Amino acid sequence: MNQAELSASFFQQYFADEDLEKQSERLLKGFANNSDAQVQIIDPSGRLLQDSTGLPGDNIMMNFIDVQEAIKGHPGIWNGEAPSTQEAILAVSYPLKANDSIVGEVRFITSLTETISTINQITVLLICVGMLVIAIVTILGLVLSWTITRSIKDLKQAADQMTEGNFSIRVHKRYRDELGTLADTLNMMASRISKSEQLKNDFISSVSHEIRTPLTSIKGWIITLKSNGVNNQPLLHDGLDIIESESDRLTRMVDELLDFSKLDNGRITIRYASVDLTELIQRIVRQLAPRAARQGISLEIQTGEALPTIQADENRLKQVLINLIDNSIKFTSPSGRILVHAYTAPSKVVITVEDTGSGITEEDLNNVLLKFYKGDQHASGSGLGLAISEQIIKLHHGELRITSTIGKGTIVQIDLPV
Ligand SMILES: Nc1ncnc2c1ncn2[C@@H]1O[C@H](COP(=O)(O)OP(=O)(O)OP(=O)(O)O)[C@@H](O)[C@H]1O
Ligand SMILES: [Mg+2]
């Protein structure tokens with residue numbers, strides 16, 4: 001189209017005054033010089049005047065659409081098959097104008113064989129590349145989904161097993177991706193559940209044991225009293241005393257358990273009131289001193305300066321201190337010493353219960369605050385004391401810390417905000 005347009009404007013500038021038919025040979029040479037295409041010059045009636053391939057003149061070209069268009073004054077394009085060779089060609093005709101009237105037209109014809117074969121090559125190439133891309137994407141997708149579904153299958157299998165109650169199962173972590181993290185989480189969950197299952201079982205067996213001991217003693221005394229208690233006043237007295245204290249022990253234990261379940265569910269509330277700590281500590285120590293004395297342990301208080309009155313739940317604090325001193329008495333051998341020390345520090349009151357008892361191993365130290373945890377499974381107690389105490393101190397916005405040296409003794413420190 002560019003070449004035809006250029007040729008037409010060249011003609012308009014330099015040959016407009018000449019007769020087209022006479023100059024056609026010269027014109028053809030000029031036009032064909034600059035082009036690889038076949039060039040034709042046609043007169044306004046559609047008769048072929050010149051052809052660069054030497055096609056004989058006098059052919060009537062009016063049946064080509066591009067020729068018809070150019071005669072009407074517009075550039076025309078046609079593609080189709082060459083009449084003689086059946087080759088695919090593209091023809092462009094451009095009107096040649098002189099003084100605003102159309103005196104003929106120039107027609108450029110080029111073979112499309114090479115273009116079509118290039119296009120075909122490109123098409124084949126694109127199709128190949130496209131299929132390759134589709135193949136790669138499909139393979140990648142399959143591999144990816146295979147790895148993902150494999151991990152998910154593992155997870156599902158493990159989760160199914162856990163639903164059945166098998167918490168010893170562990171998921172194999174295949175990759176360090178999100179599913180790997182999920183596997184870790186699932187494993188961690190399973191091990192926590194197993195641990196708490198274990199604790200629960202230990203707890204049930206220790207609680208049953210704890211309950212059976214006083215029940216055995218009560219039952220034994222009732223049998224004794226039934227057979228000869230009526231006549232023996234001192235025996236009756238002793239027996240009833242023991243039955244009473246054993247019942248108290250049972251009640252205390254049940255209370256503790258109820259308390260704990262409430263604390264654990266967060267259903268317990270702290271009833272704040274002014275508490276005189278010095279007085280409270282003295283009262284508790286007075287209450288527990290006889291028991292300590294029976295075991296040959298000295299129980300002392302050390303409260304230096306006057307302690308401030310604090311806002312706290314007196315009954316709950318009492319429970320904590322009794323728990324701590326009870327532990328100290330339980331784990332200290334005769335001729336040992338227990339010291340309850342209270343003092344003020346900036347914006348807090350510190351109470352420590354220090355004993356010269358057995359101490360706690362480093363491993364146990366990390367666990368003693370857990371519910372139901374006991375250093376020695378066969379020792380008496382439910383393993384709740386420290387867990388409850390810690391909860392209560394936390395509810396008071398305070399802190400409970402334990403330091404211990406095995407064989408030397410234990411210090412439990414409570415910080416309470418003033
Ligand atoms: N003063 C201490 N000296 C040595 N070991 C201690 C002391 N206090 C606690 N422990 C260890 O910590 C464990 C947990 O104590 P915790 O008071 O929670 O339970 P417990 O005394 O066994 O049972 P409970 O208090 O419910 O009757 C104890 O079993 C013991 O092994
Ligand atoms: Mg205890």
Side-chain angles (χ1 to χ4, degrees), residues 195-196 198-214 245-246 248-264 268 284-285 287-288 291-292 295-301 315-341 351-395 399-414:
K195 199 169 170 194
S196 74
Q198 180 63 39
L199 279 173
K200 188 189 80 188
N201 293 340
D202 289 352
F203 170 71
I204 290 175
S205 63
S206 83
V207 165
S208 336
H209 175 78
E210 286 298 305
I211 290 176
R212 200 163 45 196
T213 319
S245 78
E246 293 293 337
D248 284 350
R249 199 169 131 195
L250 278 176
T251 312
R252 228 183 9 255
M253 215 157 74
V254 172
D255 283 348
E256 205 176 52
L257 286 174
L258 282 176
D259 227 29
F260 182 75
S261 82
K262 274 195 207 156
L263 269 172
D264 215 33
I268 211 138
I284 294 167
V285 166
Q287 186 185 328
L288 292 173
R291 202 183 127 202
Q295 297 194 21
I297 299 168
S298 81
L299 175 56
E300 293 160 28
I301 314 181
N315 279 326
R316 296 280 167 207
L317 276 193
K318 189 173 156 189
Q319 193 183 353
V320 171
L321 288 171
I322 289 180
N323 267 331
L324 299 185
I325 298 172
D326 173 69
N327 279 350
S328 288
I329 295 177
K330 214 158 55 172
F331 297 106
T332 303
S333 42
S335 82
R337 177 169 177 253
I338 301 169
L339 177 66
V340 183
H341 183 193
I351 305 171
T352 62
V353 177
E354 191 177 339
D355 63 51
T356 57
S358 62
I360 306 172
T361 62
E362 208 162 309
E363 196 209 329
D364 283 347
L365 206 51
N366 297 322
N367 295 318
V368 286
L369 291 178
L370 295 178
K371 45 195 167 178
F372 310 137
Y373 191 90
K374 299 200 291 184
D376 173 6
Q377 279 313 315
H378 305 294
S380 70
S382 51
L384 283 172
L386 284 177
I388 293 179
S389 304
E390 201 206 12
Q391 291 265 22
I392 292 174
I393 297 301
K394 265 197 190 148
L395 285 173
E399 226 185 308
L400 183 146
R401 264 168 300 177
I402 308 174
T403 44
S404 185
T405 318
I406 191 92
K408 284 241 169 85
T410 306
I411 305 172
V412 183
Q413 177 175 337
I414 301 170

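Just so we're clear, the structure is a prediction, and the values are computed from it rather than from any experiment. Whatever order the structure lists them in is the order used to number ligands and atoms, beginning at 1.
A donor-acceptor pair under 3.5 Å is formed between the side chain of T361 and the backbone N or O of D364. T356 places no side-chain N or O within donor-acceptor distance of the main-chain N or O of G336, the cut-off being under 3.5 Å.
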Under 3.5 Å, N/O to N/O: give me all the pairs between ligand 1 and the protein, one per line with atom names and distance.
unit_1   : atom_1 : unit_2 : atom_2 : d
ligand 1 : 1 (N)  : D355   : OD2    : 2.9
ligand 1 : 3 (N)  : T410   : OG1    : 3.3
ligand 1 : 8 (N)  : N327   : ND2    : 3.4
ligand 1 : 17 (O) : N327   : OD1    : 3.0
ligand 1 : 17 (O) : N327   : ND2    : 2.8
ligand 1 : 17 (O) : L386   : N      : 3.4
ligand 1 : 18 (O) : G385   : N      : 3.4
ligand 1 : 18 (O) : L386   : N      : 2.8
ligand 1 : 21 (O) : N327   : OD1    : 2.9
ligand 1 : 21 (O) : K330   : NZ     : 2.8
ligand 1 : 23 (O) : S382   : N      : 3.2
ligand 1 : 23 (O) : G383   : N      : 2.9
ligand 1 : 25 (O) : G385   : N      : 3.3
ligand 1 : 26 (O) : S382   : N      : 3.3
ligand 1 : 26 (O) : S382   : OG     : 2.9
ligand 1 : 26 (O) : G383   : N      : 3.2
ligand 1 : 26 (O) : L384   : N      : 3.0
ligand 1 : 26 (O) : G385   : N      : 3.1
ligand 1 : 29 (O) : G375   : N      : 3.2
ligand 1 : 31 (O) : G375   : N      : 3.0

- Apply the test side chain to side chain contact (heavy atoms under 4.5 Å, CB included) to residues H341 and E354: give CA-CA distance (whole Å), side-chain angles for both, the deciding distance (0.1 Å), then the verdict. CA-CA 8 Å; H341 183 193; E354 191 177 339; 5.8 Å; no
- Item | Stepwise side-chain hydrogen bond (donor to acceptor under 3.5 Å, both in side chains) check, S389 with Q391 | CA-CA 5 Å; S389 304; Q391 291 265 22; over 6 Å; no
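How far CG of N323 is from NZ of K330: 8.5 Å, rounded to the nearest 0.5 Å. To the nearest 0.5 angstrom, L317 atom CG is 5.5 Å from I393 atom CD1.
Each protein N/O/S atom under 2.8 Å from the Mg ion (ligand 2) was counted, for a total of 1.
In this view, R401 and E399, D415 satisfy the salt bridge (Lys or Arg N to Asp or Glu O under 4.0 Å) rule, not counting sequence neighbours. Every residue two or more places apart in sequence or in another chain that forms a side-chain contact (heavy atoms from CB on, under 4.5 Å) with T410 is listed here: D355, I360, I402, S404, V412.
Under 4.0 Å is where a charged nitrogen must lie from a carboxylate oxygen, and between R291 and D326 at least one such pair does.
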